[in-house]
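Data first, discussion second: the structure below is written as structure tokens.
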Number of protein chains: 2
Amino acid sequence: MITNIPHFKKVLLTQGLKPTYQRLEILAYLEKYKIHPTAEMIYHALIRDIPTISKTTIYNTLNALIRKGIIHEITITGTETRYDYHGIPHHHFLCNQCGKIIDIDVECPYLAKKELGGHRIEELQGYFKGICKECLRSGHKAKV
Amino acid sequence: MITNIPHFKKVLLTQGLKPTYQRLEILAYLEKYKIHPTAEMIYHALIRDIPTISKTTIYNTLNALIRKGIIHEITITGTETRYDYHGIPHHHFLCNQCGKIIDIDVECPYLAKKELGGHRIEELQGYFKGICKECLRSGHKAKV
DNA sequence: GGTATGTTTGTAATCATTACAATTATGTTT
DNA sequence: AAACATAATTGTAATGATTACAAACATACC
Ligand SMILES: [Mn+2]
Ligand SMILES: [Mn+2]
Ligand SMILES: [Zn+2]
Ligand SMILES: [Zn+2]
């Protein structure tokens with residue numbers, strides 16, 4: 001995998017996490033494939049490079065990265081956790097047809113809010129669901 | 001349970017669902033206790049009135065009600081589905097401390113949108129997470 | 001009463017995730 | 001470089017939410 005390993009090493013070390021081979025590969029995967037993968041998807045992708053890697057390590061690492069705020073979890077599907085390595089906060093769109101999860105950069109007036117109705121806001125997730133642009137197009141073609 | 005059974009009967013019938021005792025009780029529970037309960041919570045509440053009720057019936061009914069658009073599902077916790085019987089669309093807040101899920105009536109400019117970036121929008125979920133008003137207060141008291 | 005259809009129920013299966021304990025790797029100290 | 005303490009990895013078992021399935025039951029219609 002062609003990636004900026006020194007950079008990921010620094011990211012892990014500054015958060016007090018040891019830059020192990022497994023963690024570096026998981027981070028590299030998340031940075032390269034921004035598809036909001038499941039733990040399962042990461043596992044199947046990495047087992048080629050690291051045949052001994054365990055699914056538990058995937059979960060351990062992802063949970064450690066979340067605790068440190070390096071990645072974020074997305075529960076848009078309701079059936080499994082998706083993982084996102086992407087700096088600035090943004091919303092997401094789930095296509096009910098093809099299952100793709102797409103980043104939505106929306107000028108949400110609440111993304112900056114730290115307080116709402118007396119409650120302290122620490123996190124905001126915006127989930128849109130529907131039919132994506134591509135599926136709309138191919139659905140139209142199918143009808144012709 | 002003191003509820004408007006005739007009303008729920010009408011709701012079910014107009015959607016082509018038979019108004020069985022179980023379904024009426026589930027709807028009555030959702031309407032009375034607006035706590036966004038889990039299937040488990042509904043099951044434990046109803047088993048007093050209907051000792052023979054099955055957890056499968058709870059899930060069957062909830063899924064039927066969702067398919068008909070009578071109730072909505074909320075996946076804010078990431079670990080289990082919560083169910084909401086509440087007419088108008090609104091956002092939600094999850095307290096990371098006490099676990100409560102609170103309705104948030106926010107003037108979201110995207111709640112009315114049917115299209116976004118070429119994608120067709122059918123649903124929008126807004127999930128805020130943090131510490132609720134009550135927990136903030138008791139946390140403050142505890143420090144004194 | 002008989003039949004078709006939809007609903008409920010109990011049990012078993014599935015799937016994502018976590019718990020746990022043994023093994024191994026890592027960074028630091030000698 | 002060897003020894004040590006600590007943290008990470010691994011495999012397996014357990015958990016928990018949800019669904020699959022088939023039998024029993026209810027309801028309405030002929
Ligand atoms: Mn994203
Ligand atoms: Mn609500
Ligand atoms: Zn699509
Ligand atoms: Zn609270």
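Excluded from the calculations below are hydrogen atoms, water molecules and symmetry mates; all remaining heavy atoms, backbone and side chain alike, are included. Quick caveat: nothing in here was measured; it's all calculated off a predicted structure.
A/Leu12 is listed as a side-chain neighbour of A/Leu65, based on a closest heavy-atom distance under 4.5 Å.
Taking only side-chain nitrogens and oxygens, B/Thr20 never comes nearer than 4.0 Å to OP1 or OP2 of C/dT7. Between A/Gln22 and the phosphate of C/dA25, there is no side-chain N or O to OP1/OP2 separation shorter than 4.0 Å.
When rounded to the nearest whole Å, the span between CD of B/Gln15 and P of C/dG6 equals 16 Å. Computed from coordinates, the B/Arg23 CZ to C/dT9 P distance equals 11 Å when rounded to whole Å. If you take CD1 of B/Ile47 and C1' of C/dT9, they are 12 Å apart, rounded to a whole angstrom. For the pair A/Leu17 CG and D/dA8 P, the interatomic distance rounds to 7 Å; values are reported in whole Å. In this structure, A/Leu24 places its CG atom 16 Å from P of C/dA25, rounding to the nearest Å. Between A/Leu27 atom CG and D/dA8 atom C1' there is a gap of 15 Å when expressed in whole angstrom units. Atom-to-atom, CD1 of A/Ile58 to P of C/dA16 comes out at 14 Å; the value is rounded to the nearest Å. Atom C1' of nucleotide D/dA8 and atom CG of A/Leu12 are separated by 12 Å, given to the nearest angstrom.
The side-chain contact (heavy atoms from CB on, under 4.5 Å) search around B/Leu13 returns B/Pro19, not counting sequence neighbours. For B/His72, there are no side-chain contact (heavy atoms from CB on, under 4.5 Å) partners, not counting sequence neighbours. In this structure, the side-chain contact (heavy atoms from CB on, under 4.5 Å) partners of B/Ile121, at least two apart in sequence or on a different chain, are A/Phe93, A/Phe128, B/Leu116. Applying the side-chain contact (heavy atoms from CB on, under 4.5 Å) test to A/Thr38 and every residue at least two apart in sequence or in another chain returns A/Glu40, A/Met41, A/Glu80, A/Arg82.
Checking B/Glu31 against B/Tyr29 by side-chain atom types alone, no donor-acceptor pair falls below 3.5 Å.
Exactly one residue among B/His91, B/Lys34, B/His36 makes a side-chain hydrogen bond (donor to acceptor under 3.5 Å, both in side chains) with B/Asp103. That residue is B/His36. Here the rule is side-chain hydrogen bond (donor to acceptor under 3.5 Å, both in side chains) with A/Asn96, and of B/Arg120, B/Glu123, B/Glu122 only B/Glu122 fits it.
Look at C/dT30: its Watson-Crick or wobble partner, with both distances under 3.5 angstrom, is D/dA1.
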Fill in the blank from the handout: Expected string for nucleotides 11-30 of chain D under the B/S/- scheme (protein heavy atoms, under 4.0 Å, primed atoms plus P, OP1, OP2 as sugar-phosphate) is BB----SBBBB---------
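When the shell of 6.0 Å around NZ of B/Lys9 is examined, it contains 12 or fewer heavy atoms from other residues, nucleotides or ligands.
Residues from residues 67-76 of chain A placing a heavy atom under 4.0 Å of any atom in DNA chain C do not occur.
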